[in-house]
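Here is the structure we will look at, set down as structure tokens.
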Amino acid sequence: MIEVNGEHIPWKEGMTIQDVLETCRYTYPMVIIKVNGKIIKRAQYETYKVKDGDVVQVIHLMSGG
Amino acid sequence: MSCGKCNKTTVEELKKTHKLLAEFDYEPVKVEKGYANRTLYVNVSDNKIELKPVSEELKEKFIGGRGFGLWYLWQAVTPETKWNDPENEIIISSGPIGGITQYPGTGKSYVVSLSPLTNIPIDSNVGGYFGPFLKFSGFDALEIQGKAENDVIIFIDGDNHKITIEEAPEECVDSHILAEQLTEMYADSEEGKKNVSVVSAGSAAEHTRIGMLNFSYYDVRRKKVKLKQAGRGGIGTVFRDKKIKALVIKFSNLKGDSNNPADFDTIAKTGIKLHKEIHDFDDLQNSMRKTGTTYLVSIMNDYDLLPTCNFQFGNHPEAHKISSKVFKNYFNITKTDGCWYGCTLACAKSVDVFKLKTGPYKGQKVIVDGPEYETIAGVGSNCGIFDPEAVLECNFYCDTYGVDTISFGTLCAFVMECYERGIINKETTGGLELKFGNWKAQLELLHQMARGEGFGKIAGQGIKRMKEIFAKDYGADINFLNDIGMEAKGLEFAEYMPKESLAQQGGFGLTNKGPQHDEAWLIFMDMVNKQLPTFEDKAEALHYFPMFRTWFSLVGLCKLPWNDIVPEDNAETDEPHKIPEHVQNYVDLFTAVTGKKITKEDLILQSERVYNFQRVFNIRMGKGRRKHDDIPYRAVGPVTVEEYESRQERYDKQLKEEVGINPEGMTTEEKIKVLREYREKRYEKLKDAVYKRRGWTMDGVPKLETLKRLGIDYPEVVEIIKQYLD
Ligand code: SF4
């Protein structure tokens, strides 16, 4: 299991940040992602692999018209 | 272009029918550090025109824009004044930063009046060139009072320093025609059209309470007049009630330094930084330049936040049909889609050739300004309509008829739910089958509003009054109507589902003018990011963001370039959701324009003054206390079985984990009841926390010490709150 924004999500071998975003249906592009408190750059979303037990924060910057 | 109702075909012929009622010459002034230091007062009852000086105190305490509007409105009305009394005013003001051309989003006007929907002050922001031209013509604000006998045009000739009031009997009222005619009539030449801006409403503004104002600008590339809307609160209704057909301004001498700032270089440098950011990152972020705010449709749908069928649900399988991917194909995208010079975020999209299928202009090819997200969600998904061309048609007619797409969308959604539940029927609607998804019936309702007839006239009164009528005349259950009628303080909700975010419930309810999202949009912070776990955290956000966002309305800025684009290193900052670099840009811009050194804390303080003044103003008008911050239960939780069951997992979990009740074996109705008690109590607790943070009593009244701290403890202000302080 990993924790994403306080919710527990099943972890899978090889799971990337991109996979996490898709699993959670987080489609908003303006997000800041931290894994165990460390910022992950957008360019690494496809390659950075999360580990079992990681705490992931997907901080959506607010918007609205 | 002509509406075909009169026999005048050229603007020269139309102009000949004008009768001069008043003429006023004035001395030009040079704008100094963002201020003309003078305002213009026009009374259309007795055709009085005067100038008023702007004091240092007024600039210090009320800054400009909405602040000036509220101050002048306070002087003009009494607690007994109603929206349609001659004493009510319409005040238009930009603000000290308004009109600079080096930084994106700096041409906004703010319009203030007593609202026909809420009977308290409303403020509405709008692009277009009128506000900046007004200042550069020599006036920090325009105050209009009185009621004319016949339709008039107020013309401010900023080139020749002359103001006229002219009776104008023949021009069509609908904005797409009127704005074109008047632009041509008052421009010196084809080339000079860009120097003219028109403010107008439309025929539905005359017969409803949801009238809005169109502010025009001439798009040189398209060779077309474009319209931006001061939508909220029915100011267009006040405008037409005063028998004002249009305001026209002409100013031909716009320069990069017309605002005469204290420090031009800092403004230029700050602007270049943001232009570069937009250039480099917009395509990776919100793509505002390509899709405007339409990008929000699919995002809101994905997060279960897109209001669907009168805010019952938050998503719909057909939402993709009205998403940015679809509208992008209709847009003629240019790099100059800014509603004021220098806005490279350029979100003011339009569909340049659209053939109308209904109504008095059926068959004509017109330009549609928009659609913006709020319009698509309001007249589209919230009404169960997923046909992009129906949305465009409705957008066009709302604009030209002068009605607010948000109020129209939300009230139409309410009507449709009432129809589907049998509260109203074909007989009461005069034959209109107002079911969700029926776009033809929706448009006919709108055309009826423009003609001032049939069920459209009733619906145009807004949800608050419709609820009373449906209960009184059709025997509907008022409690149920109060639960599903999405209005607060008399204003219809803007188009976001607040049900699962307590903070956003506060963002809609604990507001000055009513449920408009421009005070605070906290759904992601609260519901998705879970950054606001405690009542105190939510209260802090409901203090900071409304104050921060109020500031845009004081200085003449657009909110979008604040957080619809962010710097590359924003993630590494302490408070990324505040976009600290952009906040610093605003501090720098204010100082560079006015020469007054401020900090980011001063910025909040400036807003707090005006915000609290507006709260006291509401109290003065008989609202603005705790009970007036209530919102309908549908904004808080599920009203019906279908709503509960559509999110059963989430609600059952909340019952189990937060309420401490095992939902197994309970009927849905029982679960709704228990959840409602819990959620309504939470909202009351939120009120407590927010009032405390804002320095208000538990009745929602600003405390004397708060007014003193802010320096607005004027005797007439203190007098209002005194009676509630014991
Ligand atoms: S961001 Fe859009 S609404 Fe704001 S000033 Fe620019 S074009 Fe106008």
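In what follows, every heavy atom counts, from backbone to side chain, and hydrogens, waters and symmetry copies are set aside. In the text below, chain A, chain B and the rest are named by the order of the sequence lines, each starting its count at 1.
- Remark: B:Ser501 engages B:Asp526 in a side chain to side chain donor-acceptor pair (under 3.5 Å) (not counting sequence neighbours).
- Each of B:Asn301, B:Asn315, B:Leu296 was scored for a side chain to side chain contact (heavy atoms under 4.5 Å, CB included) with B:Leu306, with one residue passing: B:Asn301.
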Would you please test B:Phe524 and B:Tyr303 for ring-ring contact (aromatic ring centres under 6.0 Å, His included) and show each step? CA-CA 9 Å; B:Phe524 281 166; B:Tyr303 288 79; 5.0 Å; yes
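- Only the backbone of B:Ile565 comes within contact range of chain A, with heavy atoms under 4.5 Å apart.
- Contact count versus chain B (heavy atoms, under 4.5 Å) is highest, among A:Lys34, A:Gln57, A:Glu7, for A:Glu7.
- Screening B:Thr405, B:Asp399, B:Asp404 for a side chain to side chain donor-acceptor pair (under 3.5 Å) with B:Thr375, the sole residue that qualifies is B:Thr405.
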Hey, mind stepping through B:Asp337 and B:Arg289 against salt bridge (charged side-chain N to carboxylate O under 4.0 Å, His left out) and telling me if it holds? CA-CA 8 Å; B:Asp337 285 337; B:Arg289 295 176 302 175; over 6 Å; no
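- By number of non-hydrogen pairs under 4.5 angstrom with chain A, the leading residue of B:Lys578, B:Lys530, B:Gln531 is B:Lys530.
- Ranked by non-hydrogen atom pairs under 4.5 Å with chain A, the options B:Asn529, B:Asp302, B:Asn570, B:Leu284 are led by B:Asn529.
- Of the atoms belonging to A:Ile59, heavy atoms from both backbone and side chain fall under 4.5 Å from chain B.
- Neither the backbone nor the side chain of B:Phe281 comes within contact range of chain A; no heavy atom of the residue lies under 4.5 Å from a heavy atom of that chain.
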